[in-house]
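This structure is a prediction, so every number in the text was calculated from the model and none was measured.
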Amino acid sequence: MSTLGILTGILANNIFHTIWFCCIVPEPKYNRKRTVLTVIATSIIYTCVATFLCTVSFQNLSVPLGLFLGYAAELLLYGVMYCFLISASHPFKSLFLFTEYSSMHTMIIIIVSLIADAYTLGSPLIWTMRAVFNLALLILYLLFFKEKLFRMYKQIRSGYRMISAISIMCYFIQSLFWFYNMKLNRRELFFDVLLLASCGFTVAVYVMIFLYMAQSDHTNRMKQLQANEKFLQAQIDSYKKIGENARQTRHDFRHHSMVVSEYAKNKDYQAILSYLSEYDEKEHKKYQEAFCNNHAADTVLSAYASRCENNDIEISADVWLEENERVSDYDLVTILANILENAVNGCMETEGKRRMEISIGAKGSKLVMVCKNTCVPDIMFENGLPKNREREGIGVESILSTAAKYGGVVDFSASNGVFVCQVILSNRKSRKK
């Protein structure tokens, strides 16, 4: 195994890594340009480190030991880069995708080595086959799996430590068999079978993980549809109320006309003016927007204000929203309806005085929503998210996933019997998923 062959392999590996890592960042910390530059810089640093280790291994160390050290340096540099520098996800969550990619990369190496019946890193046949496998998988990933994987990945809000541990275990088993087989420097059927079995085991584990993620994604989408259905029903009820007010106005209008006519006959013009002023005030209250000028938000607030009234919940609102907010009405409604739904449910669990306060308004380039409500004193939190002991929460995941589209920050806290939900969104048009 020549030094030139190993260096050629290092360069080819870095090209594969650079392309892949630029494509598998579901929640990037920086813009596209900075992400690409960070990956390229990491590849350059690793090339220098690997070249140094290659030179030392041929002079002072055994080649297998040099390869192992190079492999360890590759994992460390790329792992730190992916989990901490370019990904905004939780490090354990990022570690899952990183080890998943590493398992795929190792699997390609194993399969190509078995097909080519060689482990020579500098062989043109080896690198041609690896390039073909990488290109084929990359095209399949971009065309059929990327969007769905990103959506499912973003829905993972808990349990990522477990799937990361499983992914690391699979990768460790794969790497262990691969390194041992390389150390043999000869083909043995038993270890070839073990290598293929490790690949099959890894594929099976990842299939189960992704099926779990797909099921969770489906469940979350169904819950969000149920929440939106509640809002639509509230809208229908709101429109029914408007229609009933209009019918009542038409029905009562002739009675008001009779009163005004009697005042006119008696030439009591002051009474006419006073009566019309009172009439106008009462009619205005029927149709005025109770909370803000944004129709979608106002409808949601009105619907939940009605629920609060029916359940003896005192509500106060300070809302400054216009019709042309850059946050889409659909996303605004999704977040606001879920916040209020959870607040109402929280109030219903308490005894004594129930109260809810909602504040919404723009602060610079941010749209800030804060909701406070009375709650039971022993609310449980897991990873900063509230957990309900009696039912599975349907609102928190919807709030988080929708806020993520706007680079938003969501914070939950509870103290002295008051639960606080704060959502801060970048007040700009949402990006496409």
Could you tell me whether a side-chain N or O of Tyr82 sits under 3.5 Å from a main-chain N or O of Ile24, the two making a donor and an acceptor?
yes
Distance-only, no hydrogens or angles: does the Asn310 side chain make a donor-acceptor pair with backbone N or O of Ser306 under 3.5 Å?
yes
Once the angle between the rings of Trp20 and Tyr141 is folded into 0 to 90°, is it parallel (under 30°), tilted (30 to 60°) or perpendicular (over 60°)?
tilted
Determine yes or no for a side-chain-to-main-chain donor-acceptor pair under 3.5 angstrom, with Ser175 supplying the side chain and Phe172 the backbone.
no
If only atom types and distance count, is the side chain of Lys29 paired as donor or acceptor with the main-chain N or O of Phe84 below 3.5 Å?
yes
Nearest heavy atoms of Val327 and Leu332, plus distance in Å:
CG1-N, 4.1 Å
Under a 3.5 Å distance rule, please check whether Ser164 uses its side chain to pair with a backbone N or O of Phe92 as donor and acceptor.
yes
No-hydrogen, no-angle side-chain donor-acceptor test under 3.5 Å, His17 and Tyr101:
yes
Taking the side chain as C-beta and beyond, is there a heavy-atom pair between Arg355 and Ser316 under 4.5 Å?
yes
I'd like to know if the side chain of Ser401 and the backbone of Ser398 have a donor-acceptor N/O pair within less than 3.5 Å.
yes
Considering residues, nucleotides and ligands other than Lys146, do more than 12 of their heavy atoms fall under 6.0 Å from its NZ?
yes
Atom of Ile126, atom of Ser113 and distance for their closest heavy-atom approach:
CD1-CA, 4.5 Å
What is the minimum heavy-atom distance between Ser87 and Ser94, and which atoms define it?
OG-OG, 2.8 Å
Is Ile19 close to Asn134 at the side-chain level, that is, under 4.5 Å between some pair of heavy atoms?
no
Report the residues that fulfil side chain to side chain contact (heavy atoms under 4.5 Å, CB included) with Ile173, sequence neighbours left out, ordered by chain and then residue number.
Met169, Phe177, Ser198, Phe201
Short side-chain to backbone donor-acceptor contact, Lys93 and Tyr153, under 3.5 Å:
yes
